[in-house]
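No hydrogens, no waters, no symmetry mates; every other heavy atom, side chains included, goes into these values.
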Amino acid sequence: MTDSTPLPEQTWVRGAESSLPQISASANVEPLAEPPLAVVSHSSSSSSNDDKAIDKEAVEDSSSSNDDDDKDKERNIVRPAVERTQSTWTTTSAATSIAQPQEQPVRKQTWSEKLNPLKRKKLPPIPETRAVSREYGAGFFNKLYFQWMAPLMSVGYQRPLEVTDIWKVNPDRSVEKLQPMLEENLRKRKAAGSKRPLQAALYDTFKREFIIGGACQLTAACVQVLSPFTMKYLIAFAGEAYYATHNGTPAPSIGRGVGLVIGITCMQMIQSLTTNHFIYRGMTVGGQARGALIAIIFDKAMKLSGRAKAGGKPADAKMERPEGMVPGSKEEKKFLKQKLGKGAKGKNGVAGDGEGWSNGRIVNLMSTDTYRVDQASGMFHMVWTSPIQIMLTLALLLVNLTYSALAGFAFICLCMPLLAKSIKSLMARRKFINKITDQRVSLTQEIISSVRFVKFFGWEMSFIDRLAEIRTREINKISFLLSIRNGIMAVSMTMPIFASMLSFITFSLTQHPLNPAPVFSSLALFNAMRIPLNLLPMVIGQVVDANASLGRIEEFLNAEELEDVAEWNYEMKNAISLQDAEFTWERTSTHNTDRKPGQDPKGMKQEKAEKKQAKKDAKEDKRQSKLAEKEKLDSVPQTPTSPTSPGGLTVGEESAAQPFHIRDINLDVGRNELIAVIGSVGSGKSSLLGALAGDMRRTTGNMTLGASRAFCPQYAWIQNATVKQNIVFGKEYDSRWYNEVIDACALRPDLDMLPSGDMTEIGERGITVSGGQKQRLNIARAIYFNADIVLMDDPLSAVDAHVGRHIMDNAICGLMRDKCRVLATHQLHVLHRVDRIVWMKEGAIYKVATFNELMEHDTEFQKLMETTAVEQKTEAEEHDGDEQEDEKKIVQRKKGKKPAGALMQVEERAVKGVGWDVYKAYIEASGSIWNLPMVLTILLLSQGANIVTSLWLSYWTSNRWHLPLGVYIGVYAALGVVQAAFLFVWSVALTVLGTRASKVMLHRAVRRVLRAPMSFFDTTPLGRITNRFSKDVDTMDNTLTDSMRMFFMTMAMICSVFILIIAYYYYFVIALFPLVIMFLFSAGYYRASAREIKRHEAVLRSAVFSRFGEAVTGTSTIRAYGLQKQFAKSVNDAVDDMDGAYFLTFGNQRWLSSRLDVVGNLLVFAVGILVVTSRFAINPSTGGLVLSYILTIVQMIQFTVRQLAEVENNMNSTERIHYYGTELEEEAPLHLADVSPSWPEKGEIVFKDVEMRYRAGLPLVLKGLSLHVHGGERIGVVGRTGAGKSSIMSTVFRLIELSGGSITIDGVNIATVGLHDLRSRLAIIPQDPTLFRGTIRSNLDPFNEHDDLKLWNALRQADLVASEQSIDDETGRIHLDTTVEDEGLNFSLGQRQLLALARALVRGSQIIVCDEATSSVDFETDQKIQKTIVRGFRGKTLLCIAHRLKTIIGYDRILVMDAGNVAELDTPLALYDQAGGIFRSMCERSGISRQDFFTSQEARMGEESPVLERSLSAVMRV
C-alpha cells in the first residue's frame, strides 16, 4: 500500500501523526468517553479563526470491525467529514475533518489584499490526497530556476498550507529506491576492504548529484573572485574620465564602461545560478542520505543481538588492524593501546567497551547523528573549493598590489591554523556537552514515561531540581562553547579587514601611490574572501561532526547481529526440540550506570586516576568474584538479565556474578501439546520462554523448531494504534477468525464499553488500558497470528479469576487446542488441564512430568497444590451464568452512541507567523526586555565602525584631509580594532542572553508538563513530548542565536551600505525603491509557504520519532512474530512523508534565492551605470568604495531573507516550548496552607458523597460514595472491572479532582492541602511497578533522604535479600548497588513488585494504598508480600485492591464496589454470612469456605511471628 492511503487501516497505524487534510477549526466541545479507557472522542461545530489558530494534524476516521473497511482500504476510499475537537487541556481548540476536496468560499478581502495583485479573491481548493512532487518530470528550465515550486508557493500565499498540499517525495529520492542502493554499495565497499566503507558507499549512492554540486560550487567560487577583479577596470575607467574632465584631456568612450557593467552583471548571474544549484544539490543529497541511513539503522536495530545491546562483543572477535600497519611497529602498539583502552576483554566470553546500544542510543543515532550527516552535506564542497578560491584571490591581489598583498595574506595564513586549533577544541567540548545532553534527555524521557508514578509519590519538584542541575551544567558549557565560537567568528569576520589593512599600509609605505582602482578592487577581493573564510570553519566543524556520526553509525552497523538460535525443520515430528541447550542473557551495559542520572560525566583527570585505581582493584576483584562463584546462595532469588560487568577490568566497574543463564535444557514438545512451566520467582520461567522466542543467546546445544511461532511476553508491548490493529498486527484481516479470537479472549464486553469499539485508539505503551486488558490484547494478538507454536509468559496473571478461566477454556484449550502451547504460569489451579509440567529451579529444568505423576510421587508439589486444591473442586462444578448476566447488564448500561475513537491529541501547530508574544516572552526570559535595545545598540556601533573604516580608506586614497601618512594609517588601524571588538562583544551578548532564555523557557516547560494533569499524558504521545525536549531545545540552545546573529549582522550591513550609496548617488533611491518593494514581496511570498512547510515537516518528523522509537522498544515482540519488514516499511513511509516536506523547504529557499539574486544583480547594474554616468562629477575613490560594497551585498540580500525565515523557523521551536511552558493546564498547587509535619497521625479517611468523573462531559465513575476508614484499619477493596476500585485510589491522591463531595484525612479536607504535601504523606504500591535507571539504592530513595540501614531493612522485609546476608555483602544477586536497567527490565516482574513494596516500606507513611500489587507473582510470593504488608504496615491504614480474594480474608473490613458506589462493607466473616451477597458469591467462586476465615494462613498472618515464618519458609525451600 502506498503512503498516500489516508485510511487508518494501514499495517501499522500512523498514530495521531497521519497525513490527512485539516479543514476546519472548531469550538471547544467537551468530549464524551467511558472509563476505564480514558479515551477522548470529538465532535465539533465549525468556525474559522483568521487570527492565530492552533491547527491540528488530522486524526483518522474510524469505523467498526467489519469487512467493508477492508474493501475501502483496498480501493483507497476517503470517508467523508468526521470532525472533532481537542480535549480540555489545550487552550485553543481546533478540529480536523476528512472531506472531499471543496471549493473554498469567496471571502471578503481587506483593502491591503485588494491592492495586492498576488492575492486572489477565491481561495484555492484543498486537495484530497498528496500529489507527487512537481520536480519529478519537470523540464530543464523549470529545474534551472526552480519554477516547479511556483504552484505550491502560490497556494501557500493565498491560504495556510495543509498536509495534503505538501507534495509526496520525488520517487527518485524515496527511501524505497535509495535504501537498496546504499546497502548494495556498502556491501561492495566492505568486500573491497575499504577503510571507511559507509562514507564510500554514500558517495557511490549519490555520486551524480554530488559531483554536479561540486562543479557548480567551483564555478561559483571562481566567478566570485573574478567579478571584483573586473571591477578594477571599471574604476580605472571612471578614474580616467574624472581626471580627464579635471585636466581637460579627452575622456574614454562610455561604451567601454557600459560593457564592463554588463560583463560584471552577467558574471554575477552565473555565480548566483551555480551557487543555488550547489546548495540545492548539497542539501537534497544530505536529506536523502539521512532518509537512507534511518532506514538501514532501523533494519539493523531489528537484527541487533542482545550481546551488542549490552555492550559486549564475541570473545573470539578478531581485532581488525588497518591496512599497511607493520606488525610490531610503534603505530601498531599505539593502535592496540587505543583499542584495548576502549574495550577491555572481560570474562565469561564477554568483550567490548560495555557501552551497549541501548534503545536511547539507537534513537539518538536516528535523530541526531543522521541529522549531522544531513547538515554537513549541504556545504560540503566548500571544504575543497574554498582553498582554491583563496589561492585565486591571492593571485589577483598580487596583480593588484604586487608583493604588498603578501603581508595581508601572511596574516590570514597565520590566523587560519590558530582558528583550526580552536575549532578542534570546540569539537572536544561539544562531545562532552553531548554526554550531558544525552543524560538530560534520558532522564526527561524516563520521568515522562513514568509520570503517573512520579505524581503518586509527589516527586515532581525533586525530579525538576535534578533536571535543573543537569541543565544548568549543560547550559553553562554550551554558553561557554558558543562564546568561544563567537570569538572565532569575530576573528574570522575581521580577518579580511585586518589583512586588507596590512596590505594597504605596506603598499603605501613602499612608496606606491594609493590608486582607487587597485585599492578598491583589492578591498572587494578581500571582502570576497570573507565568505569562504567565514563559512570554512563552520563547514569543517560540520564535516568533522558528521564524520564522527558516520563513525558511530558504522560501528552500530558492524555490531553483532542476532543469529537465529533455532534451526527450523518443518518436517520433524515435534514442534519444539531442545537438546543439552544452554542459553544466556547478556551482561548489563555499563553506560552511565556508575552514576545517578544527575552527576557530571567524569573529567579527564578523574578518569586517569580511576584507571590507576582500577588496576589496583583488579586482583581484589578477581578474588571476590571467585568467592562469589563458590558461594551460590540458594536463598537469593535469581534474576533474568542480571546486571553484571566484566570482571574488574573496565574502569570503575565492580565485578559481579555472570549474567543469568539457563542450562542443561532437554525438552521435546509435541505439535498439539500444552506444556506448563512453573517455578518460583526468578527460577528461569521467563528465560525459558525468552530462549524459545529467540531473545536469549544459545551458548551450547541445539534448538529446533518445527513450526511458526507467536510470543505473548509477560510485559505486553502495545502500540499506539487502534485495538483492532493491535490484535491483527499486520496479518490479513479475517472477520470470522477475528471475532472468534475476540470472544475467546473475553474482549467483547471491553469492546462494547469502548467509545468506538475495536476502532478505539490505545495510548502509547497501552497507557489507557488496564493491566488485564493489555494482557488480553497480548493473548488475542498471539492467537490471531495463528502460528503453530504459541509461547505465553504468565498471561493470566493480570486478569480476574473468572476471565482467566474463560481464556483457559476458550482460548488456550479452545481455539488453540491443535497448536503447540508453552505456558509459563503462577496459576497452579490450571495445572491439571495441561499435558505436561516443566518445573524450573535455579535456571535448570528440575522435573518434567504429568500432573498426575507429580501429585502421586512428589511431596513438594503436593504441598504447593494444597493451596489451590479447593479452587479446582469448585471450578468443575461452577457455571458462569450469573457472571455473564452481570457482564451483560454492565454492557447494556454502558452502551450508547459510539463517537469516533481517536485518543491521541493532534499536535498543535500555529498557523500564522510566530506571534510577537513569543518574541517578547523569549526576550523577557533572557532577563529583561531592555536586553533588546542594548544588543541593537552594540550592533549599530560595530556596523558604524565598519562603514567609517571604509570611508576613511576612500578619504585616504583621495587624500581628502591632506593629513600625514602616519595619521591615515593610525586611524585606519584603530577603526579596524574597534570594529572587531564591538563585533565580539555583540555576538557574545546575544549568545549569553539566548542560552539564558533557553534555560528559563525549558525549565518553565518541564515544570508545566510535570504539573499537567494525567489527561494530558493519556492523550499525548511520548515521542512528541520527547521531541520538544530534545530537538526543539537543541535548536534553541545551538542554532537560534546563530541564525539571529547572522540575520541582524547582514541586515545592518545592507542598510548601512544603502545609506552610504544614497549619500553619494542620490539617484540610487529611484532604483532602490521598486527593488525594495520587489524584495519585500518576494520575502513575504516566500515566508508564507516556507513557514508552513517547515511546520508540517516538524510534525511529520515527530511521526518518524514516534514510530521509530515505539518499534525499537518492541523489538523482541516484532522479532518473535517475524514482522521486521512490515515495521521497516512503516518507518520508511514515515521518513518519505517527512522528506516530502523536507525537500520542499530546500526548493522553496532556492526559488527565493534565484529571484532575489535577480533583484541584487539589478542593483549591481544600477550602481554600475550610476558610476559610469556620474564619472565626471564623483571622485573615483568614492565610486570604487560603493562598487566594492554593492558586490559584497548581492550575496547578502537573499541570505538575509533566508536568515529571517530561519530565525522564524527556529523561533517555531521556541513557540512550541513556550506553549508547553504557558498554555498547558495545571494541577492544583503543590503547597497551600501549612500542614502539621506529623499529619496524618492516625490515618483516618472519610469519603463523603464523593463524585468523580475522568474529564468534564464524561459520565460519573464514583456516584456519591460515602465511606469511613478508621485510623490503622486494613480494608480490602474488591469489585469487577470498571466498578471504580482504582478510581478511589486516584481520588485519594487527587490525580483526578472530585466533581462533588469531599475526602478528609484525620479531619483535614484534602482539597485544602497542597498536592505535594498530600502525596508525600501517602504511599502506594502500584499495579505496574516502575523502576528508574540507576541502582536499587537510587530507586528506593532517589533523593537521599534515608540511610542505607533503613533501605537494607526494607529489602530484607520485602524478602529480596536473605535474612543472613549483611549490608556489606555484595556477592548476592541483589544489594543496594545492584544496577537497575531502563524500566527495571533486568528484574523479573515479581522482583519489581517486591522492590515497589520495599519502596513503600522505606517511605513509612501512615496511609498505604496497594493497587493489585501482587498480580504478577506466584502464590508463594503473593503470600510473602501479603505477610510483609500485614507486618511491615502494622498499625497503619491500608487500602488494598485485592487481586486474589484469599489474600484479604484476614483484613479488618472488606469494601465491595459496584457501579461506582459501595455495594457491601463489613468484616469479611459478616459479609460471607450474607446469603446472596456479592462477596459471598465471589468467595464461593474462588473456593473459599467459612472455615478458611479461621484456619487459613492468610487469616492468621497478623498473628504469626517473623521468626516462625522464616523457619517455615526455610523448610519449604528444602
Side-chain angles (χ1 to χ4, degrees), residues 35-36 38 446-464 466 763 765-768 770-771 1007 1009-1018 1022 1226-1231 1235 1240 1243 1245 1252 1254 1261 1277 1284-1298 1303 1305 1310-1311 1313-1332 1338-1343 1345-1346 1354 1358 1383-1384 1392-1416 1429 1433 1436-1441:
E446 243 187 321
I447 295 168
I448 288 165
S449 59
S450 314
V451 69
R452 185 180 294 271
F453 183 80
V454 171
K455 285 181 180 298
F456 271 138
F457 271 74
W459 281 346
E460 301 103 303
M461 294 321 291
S462 312
F463 271 119
I464 287 171
R466 193 186 281 187
R765 305 179 316 288
I767 195 165
T768 46
S770 71
R1007 189 188 172 104
V1009 165
L1010 284 188
R1011 298 275 297 110
M1014 279 314 298
S1015 55
F1016 168 73
F1017 297 98
D1018 292 345
L1022 184 67
E1226 276 191 293
E1227 291 185 306
L1230 291 174
H1231 302 284
V1235 182
I1245 312 174
M1252 189 274 273
Y1254 278 97
V1261 189
V1277 184
K1285 304 188 296 287
S1286 294
S1287 304
I1288 297 181
M1289 307 312 176
S1290 298
T1291 56
V1292 172
F1293 281 88
R1294 283 180 65 195
L1295 274 197
I1296 293 144
E1297 296 292 351
L1298 302 184
I1303 301 175
I1305 296 181
I1310 62 169
V1313 178
L1315 285 186
H1316 180 264
D1317 296 328
L1318 171 68
R1319 291 170 184 168
S1320 59
R1321 310 294 172 91
L1322 309 175
I1324 186 165
I1325 309 169
Q1327 187 172 5
D1328 285 338
T1330 305
L1331 296 182
F1332 294 100
S1338 70
N1339 268 286
L1340 293 182
D1341 180 25
F1343 307 105
E1345 294 159 337
H1346 306 283
E1383 297 177 20
R1392 277 179 271 165
Q1393 285 289 20
L1394 292 170
L1395 279 166
L1397 173 62
R1399 191 189 264 145
L1401 285 163
V1402 169
R1403 191 140 220 203
S1405 301
Q1406 186 58 32
I1407 297 174
I1408 291 95
V1409 172
C1410 182
D1411 185 0
E1412 296 203 28
T1414 55
S1415 58
S1416 321
I1429 286 174
F1433 302 132
K1436 305 192 175 210
T1437 307
L1438 178 65
L1439 293 179
C1440 181
I1441 298 179

Is the shortest side-chain heavy-atom distance between V1409 and L1322 below 4.5 Å? no
Distance col, row M1289:CE vs C1410:SG, nearest 0.5 angstrom, shows 8.0 Å
dist S1015:OG -> L1295:CG (nearest 0.5 Å) comes out at 11.0 Å
Review point. Do L1230 and R1011 have side-chain heavy atoms sitting under 4.5 Å apart?
Key: yes
Looking at K455 and P1013, would you say the former's side chain and the latter's main chain have a donor-acceptor pair under 3.5 Å? no
(message) Test your reading of the model: is there a side-chain donor-acceptor pair from S450 to the backbone of I447, 3.5 Å cut-off?
(response) no
ask   = Any chance the rings of F457 and F1343 have centres within less than 6.0 Å?
value = no
Taken in chain and number order and not counting sequence neighbours, the residues that satisfy side chain to side chain contact (heavy atoms under 4.5 Å, CB included) with A1354 are A1398, L1401, V1402
Query raised in the report: Looking at side-chain heavy atoms only, is the closest gap between R1007 and M461 below 4.5 Å?
Result: yes
Here the gap from L1394 atom CG to I1325 atom CD1, rounded to the nearest 0.5 Å, amounts to 10.0 Å
| query | So, do V1313 and I1305 sit near enough that their side-chain heavy atoms are less than 4.5 Å apart? | reply | no
Tested for side-chain contact (heavy atoms from CB on, under 4.5 Å) against I1310, the lone hit among V1292, I1303, D1317, L1315 is I1303
The side chain to side chain contact (heavy atoms under 4.5 Å, CB included) partners of S1287 (sequence neighbours excluded) come to M1252, Y1254, V1261, L1262
State whether the side chain of R1321 and the backbone N or O of Q1406 hold a donor-acceptor pair below 3.5 Å, judged by distance alone.
no
Is the shortest side-chain heavy-atom distance between H1316 and P1229 below 4.5 Å? no
Interatomic distance, CD@E1227 vs CD@E1297, rounded to 0.5 Å, equals 7.5 Å
Distance col, row F1016:CZ vs E1226:CD, nearest 0.5 angstrom, shows 12.0 Å
query = R1319 side chain to R1294 main-chain N or O, any donor-acceptor pair under 3.5 Å?
reply = yes
Side chain to side chain, R1399 and N1339, heavy atoms closer than 4.5 Å: yes
query = Are side-chain heavy atoms of S1286 and D1411 found at a separation under 4.5 Å?
reply = yes
Shortest non-hydrogen pair, P1326 vs I1324, comes out as CD-O, 3.6 Å
Between I1408 and F1433 the two heavy atoms that sit nearest each other are CD1-CD2, 3.7 Å
When every non-hydrogen atom of E460 is compared with those of L1010, the smallest separation belongs to CG-O, 3.8 Å
- Is the closest side-chain heavy-atom distance between F1332 and V454 below 4.5 Å? yes
Rounded to the nearest 0.5 Å, the OG atom of S449 sits from the CG atom of L1022 at a distance of 6.0 Å
Closest non-hydrogen atoms of G1243 and T1437, given as atom of the first, atom of the second and distance, are O-OG1, 2.6 Å
For K1436 and G1404, the nearest pair of non-hydrogen atoms, with its separation, is NZ-O, 3.4 Å
